[in-house]
Amino acid sequence: FLLDALKRTDFLRVFVASGLYDLVTPYDMTVHVLKRFNLPKDRLRNITIFTYQGGHMMYLNPEAHRKLKEDLRLFFDSSKPKTQ
């Protein structure tokens with residue numbers, strides 16, 4: 001479903017957060033799946049991937065939690081329409 005949505009909309013943006021030591025959803029597998037999406041480069045730019053120190057629940061690491069929160073804030077701020 002995500003692939004179809006990305007193909008159909010040029011405005012959809014995706015934020016992917018991965019723990020470096022995640023054994024449930026490994027970072028490498030996430031990158032592998034996204035590369036197989038076979039999207040045009042302009043749509044690939046709509047996918048943002050971040051990695052953080054920690055496992056599946058990387059946000060339990062206080063430093064990773066702080067960084068994740070900041071990265072999400074920047075991601076959402078950059079999605080807002082620019083005012084004149």
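The figures here come from the full heavy-atom set of this structure, side chains too, leaving out hydrogens, waters and symmetry mates.
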A.B. asks: Quick one, Phe15 and Ile47 - any side-chain contact, counting heavy atoms below 4.5 Å?
C.D. replies: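 Counting from C-beta outward, Phe15 and Ile47 never come under 4.5 Å.
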
A.B. asks: According to side chain to side chain contact (heavy atoms under 4.5 Å, CB included), who are the partners of Lys7, at least two apart in sequence or on a separate chain?
C.D. replies: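 So Lys7 forms a side chain to side chain contact (heavy atoms under 4.5 Å, CB included) with Leu3, Leu39.
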
A.B. asks: Of all residues at least two apart in sequence or in a different chain, which pass the salt bridge (charged side-chain N to carboxylate O under 4.0 Å, His left out) check with Arg73?
C.D. replies: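 Here the qualifying residues are Glu70, Asp77.
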
A.B. asks: How close do Met58 and Gly19 get, counting heavy atoms only, and between which atoms?
C.D. replies: CE-N, 3.8 Å

A.B. asks: Tell me whether the centres of the aromatic rings in Tyr52 and Tyr59 are closer together than 6.0 Å.
C.D. replies: no

A.B. asks: Please list, one pair per line, the donor and acceptor atoms closer than 3.5 Å that link side chains of residues 23-35 to other protein atoms, with sequence neighbours excluded.
C.D. replies:
from  : atom 1 : to    : atom 2 : distance (Å)
Thr25 : OG1    : Asp22 : OD2    : 2.7
Thr30 : OG1    : Pro26 : O      : 3.3

A.B. asks: Indicate yes or no: at least one non-hydrogen side-chain atom of Leu72 is less than 4.5 angstrom from one of Phe50.
C.D. replies: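 When only atoms from C-beta onward are counted, Phe50 and Leu72 do not touch, as no gap falls below 4.5 Å.
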
A.B. asks: Using the rule that two of Ile, Leu, Val, Met, Phe, Trp, Tyr join whenever any of their side-chain heavy atoms come within less than 4.5 Å, decide whether Val16 and Leu12 are in one cluster.
C.D. replies: yes

A.B. asks: Has Ser78 got a side-chain atom pairing as donor or acceptor with Phe75's backbone, closer than 3.5 angstrom?
C.D. replies: yes

A.B. asks: Could you tell me whether the side chain of Asn46 reaches within less than 4.5 Å of the side chain of Phe11, counting heavy atoms only?
C.D. replies: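 They are not in contact (no side-chain heavy atoms under 4.5 Å apart), so the answer is no.
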
A.B. asks: Below 4.5 Å, heavy atoms only, C-beta onward: do Asn61 and His65 meet side chain to side chain?
C.D. replies: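 They are not in contact (no side-chain heavy atoms under 4.5 Å apart), so the answer is no.
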
A.B. asks: Quick check: is Leu68 connected to Phe76 through a chain of hydrophobic side chains (ILVMFWY, heavy atoms under 4.5 Å apart)?
C.D. replies: yes

A.B. asks: Who are the side chain to side chain contact (heavy atoms under 4.5 Å, CB included) partners of Tyr21, not counting sequence neighbours?
C.D. replies: Gln53

A.B. asks: Listing request: all salt bridge (Lys or Arg N to Asp or Glu O under 4.0 Å) pairs with a residue in residues 52-63, at least two apart in sequence or in separate chains.
C.D. replies: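 Non-adjacent pairs meeting salt bridge (Lys or Arg N to Asp or Glu O under 4.0 Å): Glu63-Arg66.
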
A.B. asks: With sequence neighbours left out, what residues match Pro40 under side chain to side chain contact (heavy atoms under 4.5 Å, CB included)?
C.D. replies: Asp42, Arg43

